[in-house]
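Structure first, then comments.
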Amino acid sequence: MDRIAILKEEITKKLSETAELSELESIRIAYLGKKGSITALLKGMKDLSADERKTFGAEVNKLKAFAAEKIEEKTAELKEKEIEREISAMPQFDITTPVDLSRGSYHPITLVQRQCEAIFKSMGFAVEDYPEVVTDYECFEALNIPKHHPARDMQDTYYLDNGQLLKSHTSAAQNAILRKYSKNLIENGMPIKAIFPGRCFRNEATDACHENTFFQMEGIMVDKDISISNLIFFMKTMLSEVFRKDIKVRLRPGFFPFVEPGFELDISCLICGGDGCPSCKHSGWLELCPCGMIHPNVLREGGIDPDKYTGFAFGLGLTRLAMMKYGIKDIRDLNSGSLKSLSQFTDDE
Ligand code: FA5
């Protein structure tokens with residue numbers, strides 16, 4: 001067997017026997033590092049004839065790509081396993097805390113929702129309710145997401161036989177709210193300021209920070225000369241009120257067809273203090289509140305002239321906010337229905 005085939009077999013065998021992430025770096029160095037076996041093959045090519053170099057070089061490069069790909073695959077596999085291990089090893093709620101089950105209590109999401117509603121009401125926002133079953137038009141088309149638009153892939157949801165669907169985001173109410181208040185805006189000059197919390201559904205795999213059923217709270221503001229500064233002001237005010245302390249946030253570009261420009265607003269993970277843990281997928285940051293300036297097509301669809309008015313919209317992840325506020329490490333606990341765990345949050349009201 002030639003050297004290339006031997007190395008390929010060796011790498012495959014070593015990777016299959018490896019169960020620790022820390023060992024993968026040594027394997028990478030042993031084969032792909034400066035003094036690694038594959039690098040040595042490439043270095044040794046100088047002694048070959050031009051023709052041999054061409055064929056041998058191509059083979060070694062294939063081996064190099066093979067090794068890099070296999071190491072990357074194994075890294076992803078072991079990382080996934082490590083996250084699962086950490087989640088199962090994590091202490092969950094302290095179920096030994098004595099609770100008086102006869103008293104009843106509010107769900108942590110209800111508590112956070114009420115708090116957010118109070119904050120926005122104090123800033124002049126109306127609170128709107130909206131159905132959980134909506135049409136394709138409300139959930140997508142009115143939001144500048146035509147049929148077959150790739151953005152639909154990010155929000156697969158549950159469809160009913162009659163073509164309606166369980167709303168995948170609270171943005172599904174935007175069009176109706178814009179229409180409801182547009183007359184007041186145009187004829188009386190009253191800005192549109194509304195929030196609309198609600199349950200959302202997505203057909204996706206669950207993990208420590210993803211559920212198939214979760215809560216968001218949408219907010220919009222439309223008037224003359226509304227800008228990104230207004231958006232940032234309201235986001236910062238809301239977060240400092242909810243957490244009652246300074247929270248590290250970052251704003252980065254984000255794509256949503258219904259805003260332009262669009263942003264992702266992340267907060268530093270309060271479970272691990274930003275060091276990285278399963279709740280934030282080891283990034284130290286948690287996507288909490290995407291937002292942006294409402295797209296002209298969405299305003300137009302809501303009966304508002306985008307040449308005269310501008311506005312912002314945000315889609316706050318209420319469930320994730322509850323996790324951060326109460327230090328809940330696994331989102332699935334919130335839908336667990338365990339009274340023993342959930343009733344620990346009574347004292348906030
Ligand atoms: C949206 O749903 C957009 N409608 C938000 C938006 C509104 C953008 C207005 C611009 C303007 P996204 O899919 O990223 O975006 O979800 C928004 C937030 O909901 C996320 O940051 C996260 O906090 C929460 N979220 C999304 N999916 C899940 C899930 N499966 N489980 C729990 N929370 C989730």
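Note that the structure is predicted; figures quoted are calculated from it, not measured. We count ligands from 1, going down the list as the structure has it; atoms in each ligand are counted the same way.
- Side chain of T170 to main chain of P197: no donor-acceptor pair is present (N/O by atom type, distance under 3.5 Å, no hydrogens or angles).
- Any N or O atom pair closer than 3.5 Å counts here, and E211 shares at least one such pair with ligand 1.
- Residue Q216 has at least one nitrogen or oxygen atom sitting less than 3.5 Å from a nitrogen or oxygen atom of ligand 1, judged on distance alone.
- The residue from P290, C289, C139 that puts a heavy atom closest to atom 5 (C) of ligand 1 is P290.
- With ligand atoms numbered from 1 in the order given, ligand 1 contributes 19 (O), 23 (O), 24 (C) to contacts under 4.0 Å with heavy atoms of G317.
- Here the side chains of D136 and K147 are in contact, with some heavy-atom distance below 4.5 Å.
- Atom 25 (N) of ligand 1 has its closest protein heavy atom at F214 CE1, 3.5 Å.
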Salt bridge (charged side-chain N to carboxylate O under 4.0 Å, His left out) between E73 and K70, intermediate numbers included: CA-CA 5 Å; E73 273 175 25; K70 292 292 163 200; 3.6 Å; yes
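- In terms of polar-atom proximity, S168 is not counted as a contact of ligand 1, lacking any N or O under 3.5 Å from an N or O of the ligand.
- Near Q155, with a cut-off below 4.0 Å to any heavy atom, the atoms of ligand 1 are 1 (C), 2 (O), 13 (O).
- With contacts defined as side-chain heavy-atom distances shorter than 4.5 Å, the pair L321/Y326 does not qualify.
- For ligand 1 and R202, the ligand atoms under 4.0 Å from any heavy atom of the residue are 1 (C), 2 (O), 12 (P), 13 (O), 16 (O), 26 (C), 27 (N).
- Panel note: side chain R114, backbone I109; no donor-acceptor pair is recorded below 3.5 Å.
- Taking every non-hydrogen atom of H169 and a distance limit under 4.0 Å, the qualifying atoms of ligand 1 come out as 2 (O), 3 (C), 4 (N).
- Residue-ligand proximity: V259 is placed with a non-hydrogen atom under 4.0 Å from ligand 1.
- In this structure, the ring of F234 has its center less than 6.0 angstrom from the ring center of F125.
- Not a single heavy atom of M154 sits under 4.0 Å from any atom of ligand 1.
- Looking only at heavy atoms of the protein, atom 15 (O) of ligand 1 is closest to F256 CE2, 3.4 Å.
- A cation-pi contact links K8 to F66, judged by a cut-off of 6.0 Å to the six-membered ring centre and 45° from its axis.
- Near E287, meaning under 4.0 Å from any of its heavy atoms, are these atoms of ligand 1: 21 (O), 22 (C), 23 (O).
- Residue D225 places its CG atom among 12 or fewer non-hydrogen atoms of other residues, nucleotides or ligands, all under 6.0 Å distant.
- The nearest heavy-atom contact from the protein to atom 22 (C) of ligand 1 is R320 NH1, 3.3 Å.
- Every atom of ligand 1 is numbered from 1 in the order shown, and the set under 4.0 Å from a heavy atom of E218 is 7 (C), 9 (C).
- Salt bridge status for R252 with D266: present, with a side-chain N to carboxylate O gap under 4.0 Å.
- At a threshold of 4.5 Å between side-chain heavy atoms, the hydrophobic network of Ile, Leu, Val, Met, Phe, Trp and Tyr places I294 and M235 in two separate groups.
- Contacts with ligand 1 closer than 4.0 Å are made by no heavy atom of T206, backbone or side chain.
- For ligand 1, none of its N or O atoms has an N or O atom of Q174 under 3.5 Å away.
- Atoms NZ and OG1, from K35 and T39 in turn, are 11.5 Å apart once rounded to the nearest 0.5 Å.
- Residue-ligand proximity: C291 is placed with a non-hydrogen atom under 4.0 Å from ligand 1.
- Within ligand 1, counting atoms from 1 as listed, the ones closer than 4.0 Å to a heavy atom of E204 are 29 (C), 30 (N).
- Contact analysis puts F258 in contact with ligand 1, with a non-hydrogen atom separation below 4.0 angstrom.
- Between F258 and F312, the ring centre distance reaches or exceeds 6.0 Å.
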